[in-house]
Amino acid sequence: MKNTQRAWKLVAMLLLLSPLAAFAQVRNFNAQGQGPYQDLQIQVKDLDSDRVIATVQPGGTITLREGQRVRLIMTADHPGQKGIIYPETEFTEADPGRGWVRVTRTNVDNANATLRIVRPSGTIRSRTETLSYRIVENIGIRDSLRQGTINVRVEPASAAGSAPTSAATRQQARDLTDRLYQAILMRKLDETGARTHIDSIARGGYPALIQVAERIAESDESRIGVYEREGVCNQQRLLSMYKNLLGLSASQIDREQWEEDLRRMNAGDIDAVVAGMVRSPRFQQLHNLERMAIRY
């Protein structure tokens, strides 16, 4: 009887200790960076269509076009189990601020980074650049996978590049550039400073117009200098954008849309607000783009 009682006590102790032992073993397993998550995939989400347009594994290559804005989202999978996780991840440029691929916003906690694809005016060639990633969350991903790179091939939006432009096309490009200056910077353009923008729109058409609008919105003057003027605030700037880009007065603006745009302005996403307006059918109709010499 005593032997039987001892046996049952031993079984109970093993049952109690086994989960603790297993938990300790998992913790030790993860601490060594040799956990069960092995299959890493980076989702590429187009911000205009709000759809995942591609996936790429570490070391792989994705192709994006000039002017495109996407979000990279790191995912990890546990073989044999359902569902994926989003480990905290940092994405960085190889040559910060100088390449064609710009990391404009990062969210380490949500495992993502927002990219904007740019291309120097006047070139029609493609180019491949490298982005680095680093998984900062220790959840059981092998050390060899915690850091790596992906390649981004940038394709020009138009091969028209350096084709000659007519006087009418250039005048239309100038008028549109002036409209962007008044909407975003709340001033008229200066011919010397705006020449590059005018040339880009005259050669590249509507895709270039969107890119120029984003460049102006992201400029130092837009993010800092404009606020040096007395009384300028985000509400005034947003009213200026609605008036000059969409032809809307304060009484015509949809309240919900205003609140959303103002929230994004206050969060620093000025380029996203501007791009949304310039891409809208109302902007295209208001400025008669379908009748213009500017190419779509």
Side-chain angles (χ1 to χ4, degrees), residues 46-51 66-69 104-105 114 116-118 157-158 168-190 193-194 196-198 200-202 204-227 229 231-296:
D46 183 83
L47 294 182
D48 292 323
S49 63
D50 198 35
R51 294 187 304 173
E66 172 194 0
Q68 193 168 10
R69 295 185 308 119
T104 61
R105 183 170 295 275
T114 301
R116 185 169 67 87
I117 310 304
V118 302
S158 172
T169 298
R170 185 169 180 80
Q171 181 60 47
Q172 292 161 353
R174 184 196 179 283
D175 292 343
L176 280 170
T177 305
D178 185 51
R179 183 67 62 177
L180 293 176
Y181 269 63
Q182 293 189 57
I184 303 166
L185 304 180
M186 302 175 69
R187 68 173 178 85
K188 287 186 172 293
L189 63 77
D190 57 284
T196 300
H197 295 325
I198 297 171
S200 181
I201 295 173
Y206 186 55
L209 172 63
I210 297 171
Q211 185 176 347
V212 166
E214 291 177 332
R215 285 179 184 171
I216 296 173
E218 290 188 335
S219 67
D220 288 342
E221 181 178 356
S222 172
R223 295 194 173 277
I224 302 173
V226 70
Y227 297 106
R229 303 175 205 162
V232 173
C233 61
N234 281 336
Q235 285 88 343
Q236 287 182 321
R237 295 191 68 190
L238 193 53
L239 281 172
S240 177
M241 292 176 193
Y242 273 104
K243 175 183 177 182
N244 288 284
L245 299 180
L246 302 180
L248 296 175
S249 64
S251 61
Q252 295 174 306
I253 300 171
D254 178 79
R255 178 67 176 269
E256 291 185 6
Q257 186 63 53
W258 167 269
E259 294 294 342
E260 173 61 19
D261 287 339
L262 184 59
R263 182 192 65 79
R264 291 194 293 174
M265 289 282 290
N266 290 333
D269 295 332
I270 304 171
D271 59 321
V273 175
V274 169
M277 292 184 184
V278 173
R279 292 176 185 272
S280 69
R282 183 178 182 88
F283 175 87
Q284 298 174 33
Q285 294 168 5
L286 179 66
H287 300 284
N288 297 317
L289 295 190
E290 70 278 3
R291 299 180 183 178
M292 299 178 69
I294 298 289
R295 296 177 299 277
Y296 274 84

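For the numbers below, each heavy atom of this structure counts, side chains included, while hydrogens, waters and symmetry mates do not.
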TODO: Show the numbers, then the answer: is there a side chain to side chain contact (heavy atoms under 4.5 Å, CB included) between Val232 and Arg229?
DONE: CA-CA 6 Å; Val232 173; Arg229 303 175 205 162; 3.7 Å; yes

Task: Check ion pair Glu221-Arg215 (N to O, under 4.0 angstrom) - done: no

Task: Distance (rounded to the nearest 0.5 Å) between Ser219 OG and Tyr181 OH - done: 7.5 Å

Task: With Ser240 via side chain to side chain contact (heavy atoms under 4.5 Å, CB included) - residues at least two apart - done: Met186, Asn244

Task: Side chain Arg282, main chain Met277, donor-acceptor under 3.5 Å - done: no

Open item on the list: Once salt bridge (Lys or Arg N to Asp or Glu O under 4.0 Å) is applied, do any residues pair with Asp190, and if so which ones, sequence neighbours excluded?
Closed with: Arg187

Open item on the list: Does any part of the side chain of Met265, heavy atoms only, come nearer than 4.5 Å to the side chain of Asp269, both counted from C-beta?
Closed with: no

Open item on the list: Can you list everything that forms a salt bridge (Lys or Arg N to Asp or Glu O under 4.0 Å) with Arg69? Sequence neighbours excluded, please.
Closed with: Asp48, Glu214

Task: Pair Thr169, Gln172: side-chain N/O donor-acceptor within cut-off below 3.5 Å - done: no

Task: Inter-residue atom distance Arg179.CZ - Leu176.CG, 0.5 Å rounding - done: 9.0 Å

Task: Asp271 side-chain N/O to Ala217 backbone N/O, donor-acceptor pair under 3.5 Å - done: no

Task: Test item: side-chain donor near acceptor, Gln284 and Tyr206, under 3.5 Å - done: yes

Open item on the list: So which atom in Ser200 and which in Ala208 form the shortest heavy-atom distance, rounded to 0.1 Å?
Closed with: O-CB, 3.3 Å

Open item on the list: Treating Asn266 as the side-chain partner and Leu262 as the backbone partner, does any N or O pair qualify as donor plus acceptor under 3.5 Å?
Closed with: yes

Task: Rounded distance [0.5 Å steps], CG in Leu246 versus OG in Ser280 - done: 5.0 Å

Task: Any side-chain heavy-atom pair of Ile270 and Met241 under 4.5 Å - done: yes

Task: Spatial distance of atom CD1 (Ile216) from atom CD1 (Ile184) [nearest 0.5 Å] - done: 5.0 Å

Task: For the student: nearest non-hydrogen atoms of Val226 and Leu185, plus distance - done: CG2-O, 3.8 Å

Task: Residue pair Gln235, Trp258: steps toward the side chain to side chain contact (heavy atoms under 4.5 Å, CB included) verdict - done: CA-CA 9 Å; Gln235 285 88 343; Trp258 167 269; 4.1 Å; yes

- [ ] To the nearest 0.5 Å, tell me how far Ile201 CD1 sits from Leu209 CG.
- [x] 5.0 Å

Open item on the list: Working to the nearest 0.5 angstrom, can you tell me the gap between Leu245 CG and Leu286 CG?
Closed with: 9.0 Å

TODO: Can you tell me which residue pairs pass the salt bridge (charged side-chain N to carboxylate O under 4.0 Å, His left out) test with a partner in residues 237-254, sequence neighbours excluded?
DONE: none

Task: Which residues share a salt bridge (Lys or Arg N to Asp or Glu O under 4.0 Å) with Glu259, sequence neighbours left out - done: Arg255

TODO: Mind jotting down which residue pairs meet the ring pair (Phe, Tyr, Trp, His ring centres under 6.0 Å) criterion with at least one end in residues 262-283? Sequence neighbours excluded, please.
DONE: Phe283-His287

